[in-house]
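Below is one structure, written out as structure tokens; the observations come after it.
In what follows, every heavy atom counts, from backbone to side chain, and hydrogens, waters and symmetry copies are set aside.
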Amino acid sequence: MNLWQLGVVNGTFSFLQVVEKDVDPETTLLTYLRRKLGLCGTKLGCGEGGCGACTVMISKYDPFQKKILHHTANACLFPICALHHVAVTTVEGIGNTKSRLHPAQERIAKSHGSQCGFCTPGIVMSMYTLLRNKPKPKMEDIEDAFQGNLCRCTGYRPILEGYRTFAVDSNCCGRVANGTGCCLSKGENSMNGGCCGGKANGPGCCMNEKENVTMMSSSLFDSSEFQPLDPTQEPIFPPELMTQRNKEQKQVCFKGERVMWIQPATLQELVALKSQYPNAKLVVGNTEVGIEMRLKNMLYPVILAPAWIPEMNTVQRTETGITFGAACTLSSVEEVLRKAVAELPSYKTEIFQAALEQLRWFAGPQIRNVAALGGNIMTASPISDLNPVLMASGSKLTLISVEGKRTVTMDEKFFTGYRKTIVKPEEVLLSVEIPYSKEGEYFSAFKQAYRREDDIAIVTCGMRVLFQHGTSRVQEVKLSYGGMAPTTILALKTCQELTGRDWNEKLLQDACRLLAGEMDLSPSAPGGMVEFRRTLTLSFFFKFYLTVLQKLSKQQNGPNNVCEPIPPNYISATELFHKDPIASTQLFQEVPRGQLVEDTVGRPLVHVSAAKQACGEAVYCDDIPHYENELYLTLVTSTKAHAKILSVDASEAQSVPGFVCFVSAKDVPGSNITGIANDETVFAEDVVTCVGHIIGAVIADTQEHSRRAAKAVKIKYEELKPIVTIQEAIEKQSFIKPIKRIKKGDVKKGFEESDHILEGEMYLGGQEHFYLETHCTLAVPKGEDGEMELFVSTQNLTKTQEFTATALGVPSNRIVVRVKRMGGGFGGKETRNTILTTVVAVAAFKTGRPVRCMLDRDEDMLISGGRHPFLGRYKVGFMKNGKVKSLEVSYYCNGGNSTDLSHGVMDRALLHLDNSYNIPNVSSVGFICKTNLSSNTAFRGFGGPQGMMIAECWMSDLARKCGLPPEEVRKINLYHEGDLTHFNQKLEGFTLRRCWDECLSSSNYHARKKLIEEFNKQNRWKKRGMCIIPTKFGISFTVPFLNQAGALVHVYTDGSVLLTHGGTEMANETPSMANYTLRSLGIPTSKIYISETSTNTVPNTSPTAASVSADINGMAVHNACQTILKRLEPIKQSNPKGSWEDWIKTAYENCISLSATGFYRIPDVGYNFETNKGKPFHYFSYGVACSEVEIDCLTGDHKNIRTDIVMDVGTSLNPAIDIGQIEGAFVQGIGLFTMEELRYSPEGNLYTRGPGMYKIPAFGDIPTEFYVSLLRDCPNSKAIYSSKAVGEPPLFLSASVFYAIKDAIYSAREDSGVTEPFRLDSPATPERIRNACVDTFTKMCPSAEPGTFKPWSVRV
């Protein structure tokens, strides 16, 4: 039996002597770590290398560079078979809470950079690997290291702040000292130094207050407490692996159930194998093939791994360029090119510089570190970042086969069709030569994507021009584009026409005209965005034209300069993207003087689980160890949006190894009817009503087998016409009843009294929750009386218990639901987890064995729904001074195929249609559209952001109509203390005007506005905009009976306290509840423990949602604690000097109960839409944000320059948590309003099913300057310890970014002579921004007439 040593994990020979037949090539490193080794710190977030949750460090001795290399990699894609002589380090291997945390773990924990904690291990490993390679990194290195990591909770700022302490330039933010926004500046442009931001000695400045007033603090953590980084203490590279370097390599082969993996040792072996298996795939990083096999259901029976073949890894400088072996990773190519640029004359490195600019934004480091240059070419992606560069430069490819070598030029003939090349099946790409540029030759590359970091291109290009010596006459030109055809293409006709022409304005005009004709796209082209893509081809050429003109001017600077000068206001169009290091300040009120040190309320305490999360020790649902007889479930879902089910055939699935059974509606022992409104089914029976509708499920022994078997289930349909969009629902009157209305005053009279009336509409797209941990359930049948235990990632234990009991036909008391923590929720786990949990429970009931299912990211996005898309139609009457008199508004939301929580979402939208403005006359109506999409559901803000966004749309329009500054019009319409809202609730403790004034002051609004106006005058193709936006958010469930909570407090004889309450741990519940307990009982937090939330301890819990969880559960905890204290009172009186432990011991000995339940309900809430009477909210949270942005008018790119937020959170219980919630919500809102776009086919099929196509904000998308201030001296009398809810209210403040973008677009349009108002729907993606910046180029690419073609995607 052949034995083979694979590698080392965390310094241990975990893989030593693995038998060949036991290693399946389809097994990933992530699966091996989690299932075989039990190392669950490495998480599954997406399965396609797009989120970084699975990041590990790979270390190996590189025989070609003769040194040990450390690099990050995505364990979800890394094949177990590729670990030959490799060491793997996971988060568990660098530190733990039992012995010692590594500084990379300690700093993210103590700087509050971990909230839900699911992404934390991956981020820690990215930082750790950087420190192994560069113990003294620059801040830029740190930011670059995180390009492949995502976080949905924190807003990234605390992670960067914590890790800034490693940077050599950590003492300063990186700006010019004392300049605008510099951290060392204490002037009016800074919010630093513990000042509120007002001018020193000016009215209202905190520095000018009397001594008895509480001071503000800006220190959330003390970096002096951090242990220093000592690189000498890191684990050494395993000596056992070093000894392998001199041994002769041998061919290795692994055979799995379906795939054979062969790793040849020599080039000759590889060529022979390719001849034997011409259809075999060559794999180095598995970044493409891994995704194809998992997500696209493709199978490659033979895989050849050439990573260790010397000839395919060599790098050589030749007379004509640099030759790279095809197996060289993109990171190594980047390193070589960077060195060449530094060493060679600049005229020789034009192509290298362009390639480096593309590589800078190519995927994330985890992908670049393993993906090969040859793989990038041979994948033949039509949107490849590098292929246009290689094609335009005329790079040479050397191919080898058993017949010999041949060299081909990468030209217009290389790609023969979609993902096809001229390379023969038996040939191998051996090497790639990227040529030097010549004197008089210029090269640029451009790429536009949804997101700057780690994103696939929408359009990409490489452009080269060679001039006749000493002239500006074109000798040769090559323009290559990706994203404009099924292949990378050359604009041959345009290039031919431009050859021999002078590089001047006339050439530019002709080139654009020619490109507009040659780079045409069908209006139905896959990928959509047709006008945008066509316009980009012209915009990119214009940028290239200007860049070359600028270089020619410098080259020919003299009396005989033959080229036109570039206009000064055009220069910024040639600048490459640059982002300054982040600068931030967070201000909060210090605790009162004299507050006991033990009393942590009001102090910025670290999350109690932060250290565990940073070490990978925190247990999430799928981390629970596997039961011995456990089974795995994979869903079988509909591929049609609306259809009759004719037949379901699972016979083929039964032949898959490990198959156990198929479950469907007939296996439900109780009722198949489920859902909030009883309008859903556990399994579809006769009809499916959306793509992703659950029809059945396959149960097998492993996840891999259940996946394969699920794909083998065959379903036949009879298709029915679906309703997909809001517009289609309106036309067919497909609405979920009842239809709600709010009316106040006399709308008709209000319009008659108005000076102006405006009408318009705005559309807001939906949003995917993208919690890092997907839906997960483990169901364990107990074997008697129908008992079942469910471990679930849910915000709503009660409905999970109730729906499961109904499906199983047992009372709720037989079902126990447990939740330890969730890896994010944001409303997505409030009800939609039940569609999975009920299925898993039915499967566990049928088999009598534990059944587990954690959804893959694509499944989760497909079936679980998201934020409701909204359409708002408005008519607003107002006076010349901007004062609003009357409003008529209709809201339409896309509810999907069931009711779920859509009524609550629409209720809140209608209750927030005013945002913060006093509108005397209102008539509003809300329609919930029933469509054939997955049911949309709760999402942070719950309809409030949509309602307020439409209000800000008409508010910005009317300000422009009046010709008045928007901030003045907004302020004149703000409520005052004591005003009645449109739903007749009196505003008490109205602090919004304080927030407004403080934000105007701290942001230095008026001075900066003048600077922006000046910038816009001086720049034609870059524009800046700024906007200040308020928010008023009502706190309470709008369903009155949900405003209740319970708690259970046990005190044990040693004085320790076990606390259970109705809230679930998503990010910050546990520290909040511990705070309430310690203050109520007067004991330190070390004595308090919260284990989990479960239905057998606290029954009938309300979901952890609506931002009220801390309020209601905190009061319930307080109530329980008071009961215990009351019982202890006689004992304390008899022994006043005794300790807590003494009193507890005495109480126990005197048979006094040390267990108590607590209960709380919010008093006097309830509202009637029919009468417009009642009080829907307990109180309101207020905030104001001012944001500044810069847009690229040619590409639609934007960057968030600065944001100032002032937020009223009452008296903060924990400023670190409150500020973290504000920043996290704000960045999630940036995603909602500027980036995240769900795209559907006209048939209702969701295209955006993972991080590859759906982009949430990354580290580089947060404001470069990010200032948050908590309003001081504003206690809230209506909540525990005077605090306020903070989870949802700040999200809408990111609308300030959207309207700042709109402000910048107006400036661009004015430069084009267009002054009329325009419609900008949300999100403000690069496509919408570019198309709105109308100019010569957009006019050359007109839209096709709607109705004359079938679009690739539709607005739902």
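- With 3.5 Å as the limit, one finds no donor-acceptor pair spanning the side chains of Arg1272 and Gln589.
- Between Lys1032 and Tyr917, every side-chain heavy-atom pair lies at or beyond the 4.5 Å cut-off.
- Both cation-pi conditions hold for Lys875 and Phe751: the charged atom is under 6.0 angstrom from the six-membered ring centre and inside a 45 degree cone around its axis.
- Residues Phe1298 and Leu1232 fail the side-chain proximity criterion, which asks for heavy atoms closer than 4.5 Å.
- For the pair Ile972 and Lys883, the tightest heavy-atom approach, listed with the atom from each and the gap, is O-NZ, 3.6 Å.
- Under the 6.0 Å cut-off for aromatic ring centres, Tyr891 and His912 do not qualify, their centroids lying 6.0 Å or more apart.
- With salt bridges taken as basic N to acidic carboxylate O contacts below 4.0 Å, one links Arg1024 and Glu1190.
- In this structure, Asn1200 contributes its side chain and Ile1262 its backbone to no donor-acceptor pair below 3.5 Å.
- Side-chain atoms of Ser1187 and Ser1296 form a donor-acceptor pair, as typed in the model, at a separation below 3.5 Å.
- Atom CG of Asn918 sits about 8.5 Å away from atom CG of Asp914, to the nearest 0.5 Å.
- Lys1302 and Asp957 are joined by a salt bridge, as a carboxylate oxygen and a charged side-chain nitrogen come within less than 4.0 angstrom of each other.
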Show your reasoning for whether side-chain contact (heavy atoms from CB on, under 4.5 Å) applies to Ser1181 and Ile1035. CA-CA 7 Å; Ser1181 284; Ile1035 304 301; 3.9 Å; yes
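- By the 4.5 Å heavy-atom criterion applied to side chains, Gln767 and Gln1228 are counted as neighbours.
- How far CG of Leu1270 is from CD1 of Ile1205: 10.5 Å, rounded to the nearest 0.5 Å.
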Set out, in order, the CA-CA distance, both residues' side-chain angles and the distance that settles side-chain contact (heavy atoms from CB on, under 4.5 Å) for Phe1292 and Asn915, then state yes or no. CA-CA 10 Å; Phe1292 179 66; Asn915 186 8; 3.5 Å; yes
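- Using a distance-only test at 3.5 Å, with no hydrogens or angles considered, no donor-acceptor pair links the side chain of Thr1031 to the main chain of Gly1183.
- The residues Arg1319 and Asp1321 are annotated as salt-bridged, a charged nitrogen and a carboxylate oxygen being separated by less than 4.0 angstrom.
- We find that Arg970 and Glu967 are not joined by a salt bridge, their nearest charged nitrogen and carboxylate oxygen being 4.0 Å or further apart.
- Within the 4.5 Å cutoff, no side-chain heavy atoms of Lys1278 are placed close to those of Asp1111.
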Can Phe1318 and Tyr1306 be said to form a ring-ring contact (aromatic ring centres under 6.0 Å, His included), step by step? CA-CA 9 Å; Phe1318 70 100; Tyr1306 267 116; 4.7 Å; yes
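- Between Trp996 atom CH2 and Cys1186 atom SG the span is 9.0 Å, to the nearest 0.5 Å.
- For NZ of Lys961, the number of neighbouring non-hydrogen atoms (other residues, nucleotides, ligands) closer than 6.0 Å is 12 at most.
- Residues Tyr1267 and Ser1002 have side chains not in contact (no heavy-atom distance under 4.5 Å, counting atoms from C-beta outward).
- Residues satisfying the salt bridge (charged side-chain N to carboxylate O under 4.0 Å, His left out) test with Arg993, not counting sequence neighbours, are none.
- The aromatic rings of Phe1177 and Phe983 lie perpendicular to each other, with more than 60° between the two planes, well past the 30° mark.
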Does Leu887 form a side-chain contact (heavy atoms from CB on, under 4.5 Å) with Trp954? I'd like the steps, not just the answer. CA-CA 10 Å; Leu887 174 68; Trp954 54 252; 3.7 Å; yes
Verdict with supporting geometry, Asp1208 and Arg994, salt bridge (charged side-chain N to carboxylate O under 4.0 Å, His left out): CA-CA 9 Å; Asp1208 169 14; Arg994 273 186 64 199; over 6 Å; no
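- Judged by distance alone, with hydrogens and angles left aside, the side-chain atoms of Ser886 form no donor-acceptor pair with the main-chain N or O of Gly877 at under 3.5 Å.
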Verdict with supporting geometry, Glu1013 and Lys1010, salt bridge (charged side-chain N to carboxylate O under 4.0 Å, His left out): CA-CA 5 Å; Glu1013 287 168 6; Lys1010 289 176 183 171; over 6 Å; no
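- Remark: Ile1301 CD1 to Thr1325 OG1 distance equals 9.5 Å, nearest 0.5 Å.
- With rounding to the nearest 0.5 angstrom, the NE2 atom of His1178 is 11.5 Å from the CZ atom of Phe1180.
- The only member of Ile1191, Asp1192, Thr1234, Val1189 that meets side chain to side chain contact (heavy atoms under 4.5 Å, CB included) when paired with Ile1329 is Ile1191.
- When all heavy atoms are compared, the tightest approach of Lys1023 to Cys1193 is CG-SG, 3.5 Å.
- What you find for Tyr1299 and Ser956 is that their closest heavy atoms are CE2-OG, 3.7 Å.
- By the 4.0 Å N-to-carboxylate-O rule, Asp997 lies close enough to Lys971 to be salt-bridged with it.
- The shortest non-hydrogen separation linking Tyr1182 to Glu988 is OH-O, 4.4 Å.
- With salt bridges taken as basic N to acidic carboxylate O contacts below 4.0 Å, one links Arg1008 and Asp1204.
- Contact check for Thr981 versus Leu987: side-chain heavy atoms found under the 4.5 Å cut-off.
- Side chain of Glu761 to main chain of Arg873: no donor-acceptor pair is present (N/O by atom type, distance under 3.5 Å, no hydrogens or angles).
- Between Met216 and Ser1269, the closest heavy-atom pair is CE-OG, 4.1 Å.
- Using a 4.5 Å cut-off on side-chain heavy atoms (C-beta onward), Ser1107 and Pro1289 make contact.
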Evaluate side-chain contact (heavy atoms from CB on, under 4.5 Å) for Ser754 paired with Lys885, printing each intermediate quantity in order. CA-CA 6 Å; Ser754 299; Lys885 294 288 287 183; 3.4 Å; yes
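- Between Phe1259 and Tyr156, the ring planes are tilted. Angles from 30° to 60° get that label.
- Sorted pairs that involve residues 1177-1187 and meet salt bridge (charged side-chain N to carboxylate O under 4.0 Å, His left out), not counting sequence neighbours, are lacking altogether.
- When the shell of 6.0 Å around NZ of Lys880 is examined, it contains 12 or fewer heavy atoms from other residues, nucleotides or ligands.
- Contact check on Lys579 versus Glu143 returns no salt bridge, with no Lys/Arg side-chain nitrogen under 4.0 Å from an Asp/Glu carboxylate oxygen.
- Side-chain N or O atoms of Glu977 include one that pairs as donor or acceptor with a backbone N or O of Phe990 at under 3.5 Å.
- For the pair Glu1310 and Arg960, the salt-bridge criterion is met [side-chain N within less than 4.0 Å of a carboxylate O].
- Here the closest heavy-atom approach between residue Leu974 and residue Pro1030 is recorded as CD2-CG, 4.0 Å.
- A cation-pi geometry, defined here as NZ or CZ lying under 6.0 Å from the six-membered ring centre and within 45° of its normal, does not hold between Lys1284 and Tyr1179.
- In this structure the side chain of Pro1263 reaches within 4.5 angstrom of the side chain of Ile1230, judged on heavy atoms.
- Arg1020 meets the salt bridge (charged side-chain N to carboxylate O under 4.0 Å, His left out) test with no other residue; sequence neighbours excluded.
- To the nearest 0.5 Å, the span separating CG on Leu958 from CG on Asp755 amounts to 12.0 Å.
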